[in-house]
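Worksheet for the structure shown next.
Proteins come first, then strands; the chains are lettered A, B, ... in the order of their sequence lines, and each starts at number 1. Atom set for the values below is all heavy atoms of this structure, side chains included, hydrogens, waters and symmetry mates excluded.
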Number of protein chains: 2
Amino acid sequence: MGAIADPVRREILVMLRDGRLSAGEIAGRFRISRPAVSRHLRVLRQSGLVRDELVGRQRLYELDARQFTQLSAWLAQFVQPHGWEQRLDALETEVYRTRRRRRARGAADEAKENTA
Amino acid sequence: MGAIADPVRREILVMLRDGRLSAGEIAGRFRISRPAVSRHLRVLRQSGLVRDELVGRQRLYELDARQFTQLSAWLAQFVQPHGWEQRLDALETEVYRTRRRRRARGAADEAKENTA
DNA sequence: AGAAAGCGTAACCATCAGGTTACGCGTTTG
DNA sequence: CAAACGCGTAACCTGATGGTTACGCTTTCT
């Protein structure tokens with residue numbers, strides 16, 4: 001879980017949010033050496049936050065949402081004790097709005113996941 | 001943000017989930033020395049995850065939900081890209097269930113907070 | 001096949017973070 | 001007022017971690 005503790009790693013995650021990137025592409029956006037980034041990538045890989053795939057001579061990285069979901073779930077137990085109800089109301093509103101937006105266009109997704 | 005990276009710190013947070021505790025009480029539940037715990041507490045304090053108050057000769061600690069909410073918000077941006085809709089549905093169910101439960105008894109809370 | 005690109009790993013350093021013991025300060029208690 | 005309790009901080013040691021350069025492997029390009 002300490003994977004998200006490092007600022008470089010967090011930035012990598014943010015980059016990956018917009019889509020998959022090759023190791024070189026990622027490394028190129030930092031001032032630190034490529035091997036350094038490579039190791040950060042390994043940490044992210046081992047922590048399960050990121051998934052990698054070899055394509056030709058380059059390795060592409062992408063986020064693996066499952067781990068994030070789990071983290072969210074863990075954090076949730078601490079958000080409850082306080083203004084729980086307020087937040088639920090806000091969430092309800094958001095859910096409603098998004099569902100409307102979804103119906104407006106057409107939806108096609110893949111399934112399976114937990115509550116959080 | 002690296003505050004939640006350490007297992008001892010995480011455990012402290014879990015303890016505090018059930019209510020405020022004194023430094024000694026917390027330290028007593030670990031095998032590591034009291035000063036060590038004391039420093040973990042300082043890290044939690046500085047990261048804003050925990051709030052402390054002096055009562056007599058002992059210092060009581062309690063969770064500060066605000067920071068958790070913020071963390072949740074940060075994590076949320078990574079949970080979306082994937083099975084967004086599924087999760088919303090699950091959330092909607094949870095919201096509904098909890099609101100019912102709330103109505104069943106009576107609710108009294110304090111206000112203000114964001115979406116998370 | 002040979003050169004170059006794209007990555008990861010190994011070896012090595014410097015820095016940091018966690019743990020321990022020693023110590024000091026404020027608050028109860030007798 | 002003195003003794004004891006409850007905590008935090010300082011000083012010190014040690015293991016973990018991030019960064020760098022050197023090197024090796026696999027895939028593409030000519």
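- Comparing atom distances between the B:Ser22 side chain and each of D:dC7, C:dG18, D:dG8 picks out D:dC7 as nearest.
- For the pair A:Phe30 CZ and C:dC7 C1', the interatomic distance rounds to 16 Å; values are reported in whole Å.
- Residues B:Phe30 and B:Leu16 share a hydrophobic cluster, clusters being chains of Ile/Leu/Val/Met/Phe/Trp/Tyr side chains in contact below 4.5 Å.
- Closest contact between the side chain of B:Pro35 and the listed nucleotides C:dT9, C:dC7, C:dT21 involves C:dT21.
- Side-chain N/O atoms of B:Arg31 include none lying less than 4.0 angstrom from OP1 or OP2 on C:dG19.
- Both A:Val37 and B:Ala36 lie close to DNA chain C; mapped to their nearest nucleotides by heavy-atom distance, the more 5′-ward contact belongs to A:Val37.
- When side chains are defined from C-beta on, B:Arg34 does not count as touching B:Arg39, because their heavy atoms never get closer than 4.5 Å.
- You'll find that the side chain of A:Ala23 is closest to C:dG8, out of C:dG8, C:dA4, C:dT27.
- Residue side chain B:Arg39 reaches the base of C:dG19 through a donor-acceptor N/O pair under 3.5 Å, judged by distance alone.
- Looking at the side chain of B:Ser33, the nearest of the listed nucleotides C:dT20, D:dG18, D:dC5 is C:dT20.
- Rounded to whole Å, the distance from CG on B:Asp6 to C1' on C:dG18 is 8 Å.
- The phosphate of D:dG18 has OP1 or OP2 within less than 4.0 Å of a side-chain N or O from A:Arg9.
- The OH atom of A:Tyr61 sits 4 Å away from the P atom of C:dG8 (whole-angstrom rounding).
- In this structure, B:Arg42 atom CZ and C:dA17 atom P are separated by 12 Å, rounded to whole Å.
- Between A:Glu53 and the choices A:Arg59, A:Arg45, A:Arg20, the salt bridge (charged side-chain N to carboxylate O under 4.0 Å, His left out) rule is met once, by A:Arg20.
- Paired with A:Leu41 under the rule side chain to side chain contact (heavy atoms under 4.5 Å, CB included), one option of A:Val50, A:Ile12, A:Asp52 passes, and it is A:Ile12.
- The separation between A:Ile32 atom CD1 and D:dT17 atom P is 16 Å, rounded to whole Å.
- Nearest to the side chain of A:Val8, among D:dG19, D:dT27, C:dG19, sits D:dG19.
- Following rounding to the nearest Å, B:Glu25 (CD) and D:dG8 (C1') show an atom-to-atom distance of 18 Å.
- Protein atom NE2 of B:His40 is 17 Å distant from nucleotide atom P of D:dC7, rounded to whole Å.
- Checking D:dT20, C:dT29, C:dC7 against the side-chain heavy atoms of A:Arg34 singles out C:dC7 as nearest.
- Nucleotide D:dA4 holds its C1' atom 15 Å from the CD atom of B:Gln58, rounded to whole Å.
- Under the 4.5 Å side-chain heavy-atom criterion for Ile, Leu, Val, Met, Phe, Trp and Tyr, B:Leu75 and A:Met15 are members of the same hydrophobic cluster.
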